[in-house]
**Student:** 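Sharing a structure here in structure tokens format.
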Amino acid sequence: MRKHVFFSTIFTTSLKPSLSTTSHYRTASSASASAASAFMASEIPETEDEQLDASCCVIQDKDLLRKTQNSGLHVLDLIDRGALEPDPTLYNKLLNKCTQLGKLPEGRIVHAHFLRSQFNRYLVIQNTVLNMYAKCGSLEEARQVFDEMPNRDMVTWTALITGYSQNDKPHDALVLFPQMLRLGLWPNQFTFSSLLKAAGAVPSDRDGRQIHGFVVKYGFNSNVYVGSSLVDMYARCNLMDEAQFVFDCLLSKNDVSYNALIAGHARKDEGEHAIRLFWKMQREDFKPTHFTYSSVFSACANIGALEQGKWVHAHMIKSGQQLIAFVGNTLLDMYAKSGSIEDAKKVFDRLIRRDVVSWNSMLAACGQHGRGKETVERFEEMLRIGIDPNEVTFLCVLTSCSHAGLLDKGLYYFDLMKKYEVEPEVSHYVTIVDLLGRAGQLDRAERFIRNMPIKPTAAVWGALLGACRMHKNMELGAYAAERVFELDPHDSGPHVLLSNIYASAGRWTDAAKVRKIMKESGVKKEPACSWVEIENAVHMFVANDDSHPQIEEICKKWVEICERIKEIGYIPDTSHVLLFVDQQEREAKLQYHSEKLALAFALLNTPPGSTIRIKKNIRVCGDCHSAFKFVSKMVEREIILRDTNRFHHFGAGFCSCGDYW
DNA sequence: CTAGGGTTAG
């Protein structure tokens with residue numbers, strides 16, 4: 001054990017007049033015990049990298065470094081003992097080290113020591129202190145330093161703006177800008193980059209456009225940092241054309257500007273565009289980074305492009321990039337969302353380090369593929385290993401239980417959230433309502449809603465409405481629908497569901513009434529479409545749409561399939577057709593559901609025996625579900641249908657969801 | 001001394 005003198009000296013020495021209130025000292029003092037255990041302390045063995053790092057970075061003299069390490073004293077002790085002549089750069093290096101390692105308590109101590117030093121009026125070091133607090137996430141202390149500084153330069157303002165913008169306080173960042181301009185300070189490229197990041201995080205695009213104006217005025221529009229920030233800001237404001245325009249205007253692009261644009265398209269569900277840009281950036285000799293791969297895999301996942309995703313994966317392997325968790329998690333998700341759960345598992349197994357997101361992604365993958373039991377097993381394993389579950393973990397587990405009909409397990413895990421101190425959010429309540437509702441316990445679900453400690457949202461009542469549709473409970477369904485209409489009048493979903501409830505009960509007048517209200521209030525239903533990927537091209541089908549070049553052939557094929565599956569037991573279920581039309585007409589309508597068109601198209605254009613993968617933007621209807629089962633049996637092929645949030649694996653006349661979805 | 005781009009759920 002080595003003795004340490006640093007704390008006894010620093011906290012007993014009388015303090016010089018300082019920039020700061022004594023609260024820094026109090027905080028530093030109270031933090032001393034934990035701080036001591038980290039990189040200031042004597043007990044730390046020489047093998048502790050951070051201890052060595054900290055010393056190495058400030059002590060250039062090798063002899064002195066050895067002496068420091070051998071004596072176990074810290075640099076600041078050496079100054080106190082007069083063994084080391086302090087200079088301003090030393091404080092900067094120490095503070096930056098704390099920033100880099102995210103060591104707030106240690107940073108406070110260096111700050112305290114700096115305040116006692118002869119350099120405590122140095123603006124540059126004060127800025128470094130401010131930056132240290134901001135980067136360590138303590139915006140209150142950063143602000144306090146800022147407020148107490150007698151002089152502030154542009155860097156001071158920029159450091160605080162950056163602090164707010166990087167810590168999810170965009171409004172605080174944005175209000176500082178006009179204040180700083182009023183003082184006559186000139187913003188630079190750093191200021192604008194941070195401001196634009198903040199502007200991209202607020203709902204309106206007003207601030208972003210204004211800042212863009214100032215960027216031009218101050219002449220930073222050709223700076224690649226500012227340019228990338230502009231691209232990102234416009235992309236986040238849903239202004240993809242503007243983002244593209246700014247990008248095209250950039251005189252010098254780099255990988256970051258490309259990534260900002262690619263990520264923008266990936267977020268906006270414009271996967272094909274993102275993938276095109278991925279290949280384009282390489283034609284222009286920009287190397288994809290982890291950021292790029294992460295965005296591109298997520299783009300592939302969104303559109304369910306398995307083949308393209310595999311190409312990008314192969315490309316990443318060839319380029320020698322390591323599979324770090326951040327990228328691996330999106331890769332895993334890509335395979336899972338493209339329907340290949342087996343590949344997703346392989347990625348999970350090969351991850352060098354698994355973080356909580358890796359586990360969550362794997363749990364989500366199992367849930368999406370209807371493997372409730374496996375979700376539960378993996379979750380238990382995760383707890384055994386000692387990975388702390390977070391709110392997403394529980395959401396994955398609960399939805400998985402709900403999809404698999406594991407009622408008791410789901411309720412048990414909901415209760416378990418308390419033990420792991422994860423506060424249930426409204427989405428968790430939605431899942432429990434869904435779980436109870438699917439299991440047919442509609443009254444219990446309603447009671448559960450009434451006993452919620454937080455205010456139920458439209459989604460909560462929507463889950464009950466969905467369950468009422470499933471179990472054909474008209475009365476409670478109408479009541480739930482009313483609650484949804486109140487809370488979210490613009491969503492078409494509940495109107496459609498309620499109309500469906502009436503329709504399946506044969507109450508065509510009521511069904512039509514709901515449709516009429518929907519039409520009058522301007523609520524629009526999202527058109528249903530399906531996608532199928534064939535030979536690296538994605539084909540899209542919309543219900544009753546005849547724009548596809550092969551449409552005649554496709555319809556002919558479906559009629560033929562329909563006749564053949566009727567022979568082996570398929571009975572068209574017309575309760576899913578909502579219009580007040582006669583039986584024959586309803587059957588005709590059913591034929592053109594987009595997933596059926598996609599299936600017919602795939603059967604026409606793929607080799608016998610190969611797996612067919614179809615993606616749909618809304619829940620599959622009961623009739624299509626039944627038809628797909630019969631087709632899988634008839635053609636002896638596996639058909640994988642991706643719903644909005646889950647998968648149906650059809651094979652030999654059965655579906656993996658067990659008709660429970 | 002100050003800057004930009006990435007993941008899981010619903």
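Every chain is numbered from 1 and lettered A, B, ... according to where its sequence line falls, protein lines coming before strand lines.
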**Student:** Check whether any side-chain N or O of A:R646 sits under 4.0 Å from OP1 or OP2 of B:dG10, and answer yes or no.
**Tutor:** no

**Student:** From B:dT8, B:dC1, B:dG4, pick the nucleotide closest to the side chain of A:T128?
**Tutor:**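 Out of B:dT8, B:dC1, B:dG4, the nucleotide with an atom closest to A:T128's side chain is B:dC1.
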
**Student:** Identify which nucleotide among B:dT2, B:dT8, B:dT7 has an atom closest to any side-chain atom of A:N329, counting heavy atoms from C-beta outward.
**Tutor:**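 Side chain of A:N329 sits closest to B:dT7.
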
**Student:** Any side-chain N or O of A:Q166 less than 4.0 Å from the OP1 or OP2 oxygen of B:dG4?
**Tutor:** yes

**Student:** Can you measure A:M154 atom CE to B:dA3 atom C1' for me and round it to whole angstrom units?
**Tutor:**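 That distance rounds to 11 Å.
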
**Student:** Name all residues meeting the ring pair (Phe, Tyr, Trp, His ring centres under 6.0 Å) criterion together with A:F214; count only those two or more places apart in sequence or in a different chain, and write none if there are none.
**Tutor:**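 A:F214 satisfies ring pair (Phe, Tyr, Trp, His ring centres under 6.0 Å) with A:F177 once adjacent residues are dropped.
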
**Student:** With sequence neighbours excluded, what pairs up with A:F448 under the ring pair (Phe, Tyr, Trp, His ring centres under 6.0 Å) test?
**Tutor:**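 A:F414, A:Y429.
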
**Student:** Base, sugar-phosphate or nothing for A:Q368? Non-hydrogen atoms, less than 4.0 Å.
**Tutor:**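 A:Q368: backbone/sugar contact only, no base atoms under 4.0 Å.
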
**Student:** Would you mind reading off the distance between A:L185 atom CG and B:dC1 atom P, rounded to a whole angstrom?
**Tutor:** 19 Å

**Student:** Output the single nucleotide from B:dG6, B:dA3, B:dT7 whose closest atom is nearest the side chain of A:V357.
**Tutor:** B:dT7

**Student:** Does either side chain, that of A:T330 or that of A:D333, offer a donor lying less than 3.5 Å from an acceptor on the other one?
**Tutor:** no

**Student:** When you get a sec, tell me which of B:dT7, B:dT2, B:dG4 is the closest nucleotide to the side chain of A:V155?
**Tutor:** B:dT2

**Student:** Can you list, in residue-number order, the parts of residues 219-235 of chain A that come under 4.0 Å of DNA chain B, counting heavy atoms only?
**Tutor:**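 The stretch gives A:V224, A:Y225, A:S228, A:S229, A:D232 as the residues lying under 4.0 Å from the strand, ordered by number.
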
**Student:** Choosing from B:dG4, B:dA9, B:dG6, which nucleotide comes nearest the side chain of A:V327?
**Tutor:** B:dG6

**Student:** Can you tell me the distance, in whole Å, between the CE atom of A:M362 and the P atom of B:dT8?
**Tutor:**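 These atoms are roughly 15 Å apart.
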
**Student:** Hey, does the side chain of A:N254 reach the backbone of A:S257 with a donor-acceptor pair shorter than 3.5 angstrom?
**Tutor:**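 Flag set: sc A:N254 to bb A:S257 pair under 3.5 Å.
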
**Student:** Between A:R378 (CZ) and B:dA9 (C1'), how many Å, whole number?
**Tutor:** 18 Å

**Student:** Please report, rounded to the nearest Å, how far the C1' atom of B:dT8 is from the CG atom of A:L332.
**Tutor:**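 Checked: the CG to C1' distance equals 9 Å.
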
**Student:** Identify whether any heavy atom of A:D255 sits under 4.0 Å from a base atom; if not, whether one sits that close to sugar-phosphate; answer base, sugar-phosphate or nothing.
**Tutor:** base

**Student:** For a quick test of your reading: what N or O donor-acceptor pairs under 3.5 Å do the side chains of residues 265-278 of chain A make, sequence neighbours left out?
**Tutor:**
residue : atom : partner : partner atom : Å
A:H265  : ND1  : A:E270  : OE1          : 2.6

**Student:** Just N and O in the side chain of A:K337: are any of them under 4.0 Å from OP1 or OP2 of B:dA9?
**Tutor:** yes

**Student:** I'd like to check the ring pair (Phe, Tyr, Trp, His ring centres under 6.0 Å) partners of A:F297; sequence neighbours left out, ordered by chain and number.
**Tutor:** none

**Student:** Looking across every strand, which nucleic acid part, if any, lies under 4.0 Å from A:S427 by heavy atom: base, sugar-phosphate, or nothing?
**Tutor:** nothing

**Student:** Answer yes or no as to whether B:dA3 has its base stacked against A:F192, where stacking requires a ring-centre separation under 5.5 angstrom and planes under 30 degrees apart.
**Tutor:**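 One would not call A:F192 stacked on the B:dA3 base.
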
**Student:** Check every strand shown and say whether A:T158 touches a base, only sugar-phosphate, or nothing at a heavy-atom separation below 4.0 Å.
**Tutor:**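 The answer is base, as A:T158 lies within the cut-off (heavy atoms under 4.0 Å) of a base atom.
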
**Student:** Quick one: list whatever passes ring pair (Phe, Tyr, Trp, His ring centres under 6.0 Å) with A:Y420, sequence neighbours left out.
**Tutor:**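 Testing A:Y420 for ring pair (Phe, Tyr, Trp, His ring centres under 6.0 Å), a comparison that skips the adjacent residues, returns none.
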
**Student:** Look at A:T399 and B:dG10 and indicate whether a side-chain polar atom (N or O) is within less than 4.0 Å of OP1 or OP2.
**Tutor:** yes

**Student:** Return yes if a side-chain donor-acceptor contact under 3.5 Å exists between A:N96 and A:Q100, otherwise no.
**Tutor:**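 A:N96 vs A:Q100: no donor-acceptor pair found between side chains.
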
**Student:** In whole Å, I'd like the distance from the CG atom of A:N131 to the C1' atom of B:dA3.
**Tutor:**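 Answer to the nearest Å: 11 Å.
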
**Student:** Checking A:T292 against A:T289: is there a side-chain donor and acceptor pair closer than 3.5 Å?
**Tutor:** yes

**Student:** Does B:dG6 have its OP1 or OP2 closer than 4.0 Å to a side-chain nitrogen or oxygen of A:R236?
**Tutor:** yes

**Student:** What is the distance, rounded to the nearest whole Å, between atom CH2 of A:W359 and atom C1' of B:dT8?
**Tutor:**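 The answer, rounded to whole Å, is 14 Å.
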
**Student:** Rounded to the nearest Å, what distance is computed from the CD1 atom of residue A:I387 to the C1' atom of nucleotide B:dT8?
**Tutor:**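 Rounding to the nearest Å, CD1 of A:I387 and C1' of B:dT8 are 14 Å apart.
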
**Student:** Establish, with yes or no, whether the OP1 or OP2 oxygen of B:dA3 is under 4.0 angstrom from a side-chain nitrogen or oxygen of A:K135.
**Tutor:**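 Answer is yes, contact under 4.0 Å.
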
